[in-house]
Amino acid sequence: MVPKYLNAVFLPLLLLGVVLGIWSYTAIKIPGFPTPSDVWRELLVVLSNPFYNNGAGDQGIALQLGNSLARVFGGFAIAIAVGVPVGLLIGMSKNAYTAFNPYIQILKPVSPLAWLPLALFVFKEVNTTAIFVIFITSIWPIIINTALGVRSVSEDYLNVARVLQLTPFERVFQIILPVAVPFIFTGMRLSLGIAWLVIVAAEMLTGGVGIGFWIWDEYNNLNYAHIIIGIILIGVIGYILDTLMGLIADFFDYRKRGLK
Amino acid sequence: MSAKPFLKIDHVDKIFPLGGGKEYVALRDVQLDIRENEIVSIIGHSGCGKSTILNLIAGLDTISNGTILLEDQHITAPGPERAVVFQNHSLLPWLSVYQNIEMAVRKVLGEDLSPSEIRDHVMKYIDMVNLDHAKDKYPGEISGGMKQRVGIARALSIEPKVLLMDEPFGALDSLTRANLQDHLMRIQMQTGNTVVIITHDVDEAVLLSDRVIMMTNGPEATIGEILEVNLPRPRNRLELQHNEEYLRCRGAIIEFLYSKFAKDDE
Ligand SMILES: Nc1ncnc2c1ncn2[C@@H]1O[C@H](COP(=O)(O)OP(=O)(O)OP(=O)(O)O)[C@@H](O)[C@H]1O
Ligand SMILES: [Mg+2]
């Protein structure tokens, strides 16, 4: 019997071997396709000087990623600031729900990238445009999950609030938010995940400094090893973001706190 | 006992609108005067409208016809002078036992009390239900009986005029149930609360009540009979087992429920 922790290391390594095998085969078949060792060498180079800045078109990988993250967090923060109150409102008021719901249902399935040209026309500036696209990306899961959280507040808790004659303000902060917060964080976690997906595509379209444009630029430079590095780094950072959001969500979830 | 009506339920109907212009007349012409410091239980078959009456007194639901008066005040909305102990305790799971009670005390009595008075007040009611040792636990960490005791402590802590209990011990095993019944009787002797308690349980009704209100079956349910339980307090369940008055009351309720207003679809 192999111990569990060895399995946890051994099995992914086994799969890595298979993947590297297929990759190497591809690299042999397609001339110019970087081999795993090419990418490894380039990765060390890229990571050895992540903060260099030679002007707009030529900056280190950390600055590229940092720019993308800043746009994601900017749009994400605005989406929280708008989406949570709207979600609370449509969760608490049937009329507000009736008013908002058709628009949410119609706008939600629209790819956020469809907004990009319109935003570019309005803002005439790529950074604001990217932030707006992330805002549009993030807002729907936040609104929907917040409203869901509000509606999942049990009738019993609301009756307690009524008997104690809590004001609407007290009701929101003492009864509704504690129940809704885990739902809100679920929405935020979903949003952040999609935002990180969308930012790459948005930056490819807008240009400027950012990981999405960097990848596109390296395609134009025929530097395919960098594209693979970009993919790996985007994945690692996406994973870190998701894990962090999960930890924060657990921290604010009374169901997980109560069982300490 | 004083005859002054403290809580007056006066010709009350409750009609629920159903879809498609139909309606369901749950209660028809319910009339009941409840005295101060009295423990009244309401018993009847499932679906007869017990919870409906309690919700009307609590103000959680609206009266269709008639009035309910508490000390000559019309009841139109919920309020802390009519505390409710819900069947499923409805403690807020993100607050500890102490915080659940504190939140109610702060809201209802907070303006008159200093922080240390609030603490003493909360602890007094935690003491009353013997939960000192669990005061910092969360509802998810304590047993069903303990939760129900917290629910009772929370309801009493806001010093209500009437304590409304909807099958408060319904979900508990019979030993825990007996224990809580004794608790409730002891606390009520201390505090002198007026209590309206809904129950399915014949023995519970007789043991706890000064009067047992027996409801006919719905639709158009109303009060069928009212039974006076002439047993001195404090009451002891062991001694009552063979007590004549106890057995008479028990018999009268069983007769009402299973002969006069038997329900065969249960
Ligand atoms: N909101 C509502 N709309 C329509 N009918 C209702 C509504 N609430 C209760 N009823 C009906 O009114 C009747 C009385 O209900 P109620 O809950 O008061 O019964 P109960 O005596 O408390 O029953 P149980 O012992 O099962 O708790 C039932 O027939 C129920 O179906
Ligand atoms: Mg009921």
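Per chain, numbering begins at 1; letters A, B, ... match sequence-line order.
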Do the side chains of N159(A) and V84(B) get nearer than 4.5 Å, heavy atoms only? no
Side-chain heavy-atom pair Y254(A), L92(B) within 4.5 angstrom cut-off: no
To the nearest 0.5 Å, what is the distance between [atom1] ([X]) and [atom2] ([Y])?
X       : Y       : atom1 : atom2 : answer
N88(B)  : D156(A) : CG    : CG    : 4.0 Å
E81(B)  : Q165(A) : CD    : CD    : 6.5 Å
M103(B) : Q174(A) : CE    : CD    : 4.5 Å

Under 4.5 Å from any heavy atom of chain A, what part of [X] do you find: side chain, backbone, both or neither?
X      : result
L60(B) : both
R82(B) : backbone
A83(B) : backbone
A58(B) : neither
L95(B) : neither

Above 12 or not: heavy atoms from other molecules or residues under 6.0 Å from [atom1] of [X]?
X       : atom1 : result
Y24(B)  : OH    : yes
Q190(B) : CD    : yes
Y239(A) : OH    : no
E117(B) : CD    : yes
K137(B) : NZ    : no

Testing F173(A), F252(A), Y157(A) one by one against W94(B) for a ring-ring contact (aromatic ring centres under 6.0 Å, His included), which residue passes? Y157(A)
Using a cut-off of under 4.5 Å for heavy-atom pairs, which of V163(A), V179(A), L166(A) has the most such pairs with chain B? V163(A)
Less than 4.5 Å to any heavy atom of chain B: does that hold for the side chain of T167(A), its backbone, both, or neither? both
